[in-house]
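The block underneath contains the structure these notes are about, expressed in structure tokens.
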Amino acid sequence: MTTANPLSDQTAVVTGASRGIGKAIAIALGKAGIEVVINYANSPEKAQEVVEEILDSGGKAYSMQGNVGDEKSVETIFKKVLERSGRIDILINNAGITRDGLLMRMKTEDWQSLIDLNLTGVFLCTRAVARQMLKQKSGRIINITSVVGLMGNAGQSNYAAAKAGVIGLTKSTAKEFASRGITVNAVAPGFIDTDMTKGLKAEEILSAIPLGHFGKPEHIAGAVYYLATDQSASYITGQVLQVDGGMVMG
Ligand code: NAP
């Protein structure tokens, strides 16, 4: 007799899941039997590859284009997901960009476009799933922040401000939703080998990482998977889990 997999009744939405960290998270959740919605902005082929990888492993997945930094687009994404899947158990707010530059030279546009996606996008998606999760009396929301949101970084004032904002948003929503069985946590990656970090000066960064190497998207996916699915994680909320090779301690 086979035991039914309780995860196979669940649906997860992963924003920015066509590449990098979001892709690894989607694959980890999908291979565990959770139906995964692969959100992306501009890479339909890459999103489809992620869908195929999950389907080939016997899982369930579909892709959903949409700009997470745009209110109307977010409303459409979650309306379509609810029409198709009927429920949302897990939301991973992962989509993010960088628009680096020293503050003195930063264009308002580079500040605003980053805040719109990396911070307001998390607010919009959280608000969009909240009603459904409150109805279900359960849900797990995991926001991808960054060690830069904890320690700051010259040349990334916009990114650091958004990621610090995500931590405040995580703690506040964790308090608002706790009595309704919904947990909200953040994962703070250090430097992870993805398109986002291509071209950074590796030697300088490596000297700040006690474990001596960049992380892989799968390191972040493992931490997210734990917070999203583990029974013991149902008693963890409002926390920031750093997965950073020891970059920021204390
Ligand atoms: P990445 O490789 O550049 O991938 C970014 C993902 O976000 C892509 O799937 C992209 O979709 C999607 N995206 C971009 N704009 C979007 C929008 N407006 N709406 C929806 N999706 C959008 O980045 P990553 O390194 O995996 O980073 C993922 C998250 O981890 C980000 O929040 C980032 O800030 C955070 N993080 C990364 C690191 C690191 O070292 N890599 C460290 C700390 C935190 P398309 O392919 O369609 O463009």
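Indexing begins at 1, ligand by ligand and atom by atom, following the structure's order. Being a predicted model, the structure only gives us computed values, none of them experimental.
Proximity of a side-chain donor or acceptor of Arg140 to a complementary backbone N or O of Leu227 within less than 3.5 Å is detected.
Per-residue contacts place Tyr40 under 4.0 angstrom from the following atoms of ligand 1 (heavy atoms of the residue considered): 47 (O). The Asn39 neighbourhood of ligand 1 comprises atoms 20 (C), 21 (N), with distances under 4.0 Å to a heavy atom of that residue. Those atoms of ligand 1 that come under 4.0 Å of a heavy atom in Thr197, given as number and element, are 39 (C), 40 (O), 41 (N). Applying the 4.0 Å criterion to heavy atoms of Phe191 picks out, from ligand 1, the atoms 40 (O). Within ligand 1, the atoms closer than 4.0 Å to a non-hydrogen atom of Thr145 are 43 (C), 44 (C), numbered from 1 in the order shown. Close contacts of ligand 1 with Gly20, meaning ligand atoms under 4.0 Å from a residue heavy atom, involve 2 (O), 26 (O).
For the pair Ile144 and ligand 1, a heavy-atom separation below 4.0 Å is found. Residue contact annotation: Pro217 has no non-hydrogen atom under 4.0 Å from ligand 1. Residue contact check for ligand 1: Gly66 places a non-hydrogen atom closer than 4.0 Å to it. Residue contact annotation: Tyr159 has a non-hydrogen atom under 4.0 Å from ligand 1. Contact between Asp193 and ligand 1 is absent, with no heavy atom of the residue lying under 4.0 Å from the ligand. Under the 4.0 angstrom criterion for non-hydrogen atoms, Lys46 is not in contact with ligand 1.
Placement of Phe123 and Leu134 within a single hydrophobic cluster is found when ILVMFWY residues are connected by side-chain heavy-atom separations under 4.5 Å, directly or transitively. Following chains of ILVMFWY side-chain contacts shorter than 4.5 Å, one can reach Phe78 starting from Leu169, so the two form part of one hydrophobic cluster. When hydrophobic clusters are built by joining Ile, Leu, Val, Met, Phe, Trp and Tyr residues whose side-chain heavy atoms come closer than 4.5 Å, directly or via intermediates, Leu82 is grouped together with Val13. Hydrophobic clustering (ILVMFWY, side-chain heavy atoms < 4.5 Å, transitive): Val36 and Ile21 are in one cluster. Residues Leu91 and Val14 do not share a hydrophobic cluster, clusters being chains of Ile/Leu/Val/Met/Phe/Trp/Tyr side chains in contact below 4.5 Å.
Here's the thing with Ser18: one of its N/O atoms is less than 3.5 angstrom from an N/O atom of ligand 1. At least one N or O atom of Ser43 sits closer than 3.5 Å to an N or O atom of ligand 1. Polar contact check, Gly22 against ligand 1: no nitrogen or oxygen pair lies under 3.5 Å apart.
The shortest contact between atom 12 (C) of ligand 1 and any protein heavy atom is with Gly16 CA, 3.5 Å. Here the heavy atom of the protein found nearest to atom 1 (P) of ligand 1 is Arg19 NH1, 3.8 Å. For atom 16 (C) of ligand 1, the nearest protein heavy atom (residue, atom name, distance) is Ala41 CB, 3.5 Å. Regarding atom 19 (N) of ligand 1, its nearest protein heavy-atom neighbour is Val68 N, 3.0 Å. For atom 42 (C) of ligand 1, the closest heavy atom belonging to the protein is Gly190 O, 2.9 Å.
Neither the backbone nor the side chain of Thr15 comes within 4.0 Å of ligand 1, counting heavy atoms alone. With a 4.0 Å cut-off on non-hydrogen atoms, Ile192 touches ligand 1 through its backbone as well as its side chain. Using a 4.0 Å cut-off between heavy atoms, Lys163 contacts ligand 1 through its side chain alone, with no backbone atom that close. The part of Thr194 lying near ligand 1 is the side chain, judged by heavy-atom distances below 4.0 Å. Both the backbone and the side chain of Asn67 come within 4.0 Å of ligand 1, counting heavy atoms alone. Here Ala17 has backbone heavy atoms under 4.0 Å from ligand 1, and that is the only part of it that gets that close.
Judged purely by distance below 3.5 Å, without hydrogens or angles, the side chains of Thr183 and Tyr235 never pair a donor atom with an acceptor atom. Checking Ser232 against Tyr226 by side-chain atom types alone, a donor-acceptor pair falls below 3.5 Å. Looking at Thr15 and Asn93, their side chains never bring a donor and an acceptor atom within 3.5 Å of each other. Using modelled atom types and a 3.5 Å distance limit, the side chains of Gln156 and Thr98 yield no donor-acceptor pair.
For the pair Arg99 and Tyr159, the cation does not sit on the ring face, since its NZ or CZ is not both under 6.0 Å from the ring centre and inside 45° of the axis.
Of the candidates Ile21, Leu114, Asn42, the one placing a heavy atom closest to atom 26 (O) of ligand 1 is Ile21. Among Ser113, Ala95, Gly96, the residue whose heavy atom sits closest to atom 5 (C) of ligand 1 is Gly96. Evaluated by nearest non-hydrogen atom to atom 28 (C) of ligand 1, the leading choice among Asn94, Leu200, Leu117, Ile38 is Asn94.
Open room surrounds CZ on Arg180; 12 or fewer heavy atoms of other groups in view lie less than 6.0 Å from it.
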